[in-house]
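These notes are about the structure you will find just below.
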Amino acid sequence: MNDAVVAWLRDALPWPQFFFWVTDAGGPLGWWLLLQFILLFAGTQRGLRIAWLACLAIWSNTVLKYLLVAPRPFWIDGGVEALRVTDGFGMPSGHAQGATALLVGCALLAARGRRALPWVLALGAAMLIAVSRVYLGVHSVAQVIWGFALGLALSLVLWRYLPALEAWAQARSLPARVGAIAALSAAAAAGLWAAWRRAANVDLPSEWAANVAATAARLGEPLEAGAFEPADPGAIALALLLLGYLLLALVARQRGHRVAAGGQSMALTVVAAVAINLVLFAALNALGTGLLLWLLFQPLLAVWLPLRWFGGADAPAAASGAAR
């Protein structure tokens, strides 16, 4: 079935470069860029709600992939010719789940009353990202459907209960909030580790690795030694980014900050955020730590500091408005 769907899509829509762009824009780098925009312009409090949706969606996706150990279609089906080399397990689609959770969060943030446009744009973009994964041959139809459904359900449920969790945290002392963050981080790490151990103990069919290597050779793309392994460096990056947003929530506390309305203040905030990102990443890279520590400290240094220096106070979002 998957080979027939892929063939039909490529015949009906012969635009591979467009779908490469869609899948790249709908991946982790695109999510991160969109989150920066939301945190700066919607405010740290509202923006952090979107960050929770994205981070928890990808965390749960990684755990599910380790637990299910499902192959991607081109690993097992010679009729599916992948247009990109992709390792890591396939069920459910991380692009579909993460992008849907993030974009639905944006729709919940933007929608007022019964306005349908934010929902049309968010769900349309999420579906297009899901289709791009099937088009490229790196996910089956079932994998993107499950990813889309899980991302949608997770965002709706979390958005309903996040205001209550925020109110609970704000009513606690600083040591209590720090303890809660430590406990949450430990639980997330333990769940990820347990799922990874389950995947690491599974004997993977040699056919899967052979098909990945053959696809890499056909496309002329490098396949690093040990790339086809259950261990996913992206999971470590995800854990650090989630911890960074937890630290931002701890610092932002009851009153967040957002870009001020004035043109000069807005420009200074954006310039400062970009400059800090570049300097921070370059400095950590020179020290040999690179991306990982940058993800941990980036929310505090490149979001909160520019908003504190040049932005304005952001009143707490009302629980009733957040649940719409």
Side-chain angles (χ1 to χ4, degrees), residues 1-33 58 61-62 64-100 125-148 196 199-238 290-291:
M1 175 184 174
N2 284 305
D3 55 346
V5 172
V6 172
W8 178 83
L9 281 173
R10 293 177 183 174
D11 288 340
L13 305 169
W15 316 317
Q17 292 305 317
F18 170 73
F19 285 101
F20 277 124
W21 179 85
V22 169
T23 207
D24 289 338
L29 179 59
W31 306 336
W32 181 82
L33 290 172
I58 298 304
N61 179 267
T62 304
L64 285 171
K65 282 183 175 179
Y66 286 157
L67 292 176
L68 297 174
V69 193
R72 294 175 185 268
F74 74 95
W75 296 3
I76 57 174
D77 187 350
V80 177
E81 188 175 85
L83 300 183
R84 175 170 286 177
V85 179
T86 308
D87 53 15
F89 302 121
M91 174 65 90
S93 165
H95 273 69
Q97 186 173 343
T100 300
M127 289 179 184
L128 182 59
I129 292 167
V131 169
S132 77
R133 305 303 285 166
V134 177
Y135 187 98
L136 297 182
V138 297
H139 277 298
S140 67
V141 175
Q143 288 168 357
V144 298
I145 289 176
W146 273 107
F148 180 88
W196 173 78
N201 290 326
V202 174
D203 291 328
L204 304 180
S206 58
E207 173 195 5
W208 295 5
N211 287 337
V212 172
T215 300
R218 174 175 57 81
L219 295 176
E221 297 184 11
L223 185 64
E224 298 178 0
F228 188 76
E229 295 289 345
D232 183 4
I236 300 175
L238 166 68
L291 176 66

Would you call the rings of F19 and Y135 parallel, tilted or perpendicular if under 30° counts as parallel and over 60° as perpendicular?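 The arrangement is parallel - the two ring planes meet at less than 30°.
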Do [X] and [Y] have side-chain heavy atoms sitting under 4.5 Å apart?
| X | Y | result |
| --- | --- | --- |
| V69 | L204 | yes |
| F74 | E81 | no |
| F148 | I129 | no |
| W146 | L64 | no |

Exercise: identify the closest heavy-atom pair between [X] and [Y]:
| X | Y | result |
| --- | --- | --- |
| L68 | P92 | CD1-CD, 4.5 Å |
| T100 | A126 | OG1-CB, 3.5 Å |
| K65 | R72 | NZ-NH2, 3.9 Å |
| W75 | V212 | NE1-CG2, 3.3 Å |
| G26 | A99 | O-CB, 4.0 Å |
| S140 | V134 | O-CG2, 4.0 Å |

Which value, rounded to the nearest 0.5 Å, describes the distance between [X] atom [atom1] and [Y] atom [atom2]?
| X | Y | atom1 | atom2 | value |
| --- | --- | --- | --- | --- |
| L13 | S132 | CG | OG | 12.0 Å |
| Y66 | N61 | OH | CG | 10.5 Å |
| T62 | F89 | OG1 | CZ | 12.0 Å |

Handout entry: H95 vs T23, side-chain contact (heavy atoms from CB on, under 4.5 Å): CA-CA, chis, key distance, verdict
Key = CA-CA 8 Å; H95 273 69; T23 207; 3.8 Å; yes
Exercise. With Q143, which residues qualify under side chain to side chain donor-acceptor pair (under 3.5 Å), at least two apart?
Worked result: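 Result, side chain to side chain donor-acceptor pair (under 3.5 Å) vs Q143: H139.
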Mind checking what makes side chain to side chain donor-acceptor pair (under 3.5 Å) contact with R84, not counting sequence neighbours?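 Only D24 meet the side chain to side chain donor-acceptor pair (under 3.5 Å) criterion with R84.
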In chain order, what residues pass the side-chain contact (heavy atoms from CB on, under 4.5 Å) check against E207, with sequence neighbours excluded?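 Scan of E207 (side-chain contact (heavy atoms from CB on, under 4.5 Å), adjacent residues dropped) gives N211.
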Report the C-alpha separation of F18 and L128 in whole Å, then their side-chain angles, then the decisive distance to 0.1 Å, and conclude whether the side-chain contact (heavy atoms from CB on, under 4.5 Å) test is met.
-> CA-CA 11 Å; F18 170 73; L128 182 59; 4.0 Å; yes
Point to revise | Donor-acceptor pair, side chain of R10 and main chain of P16, under 3.5 angstrom | key: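 No, because the side chain of R10 does not come within donor-acceptor range (under 3.5 Å) of the backbone of P16.
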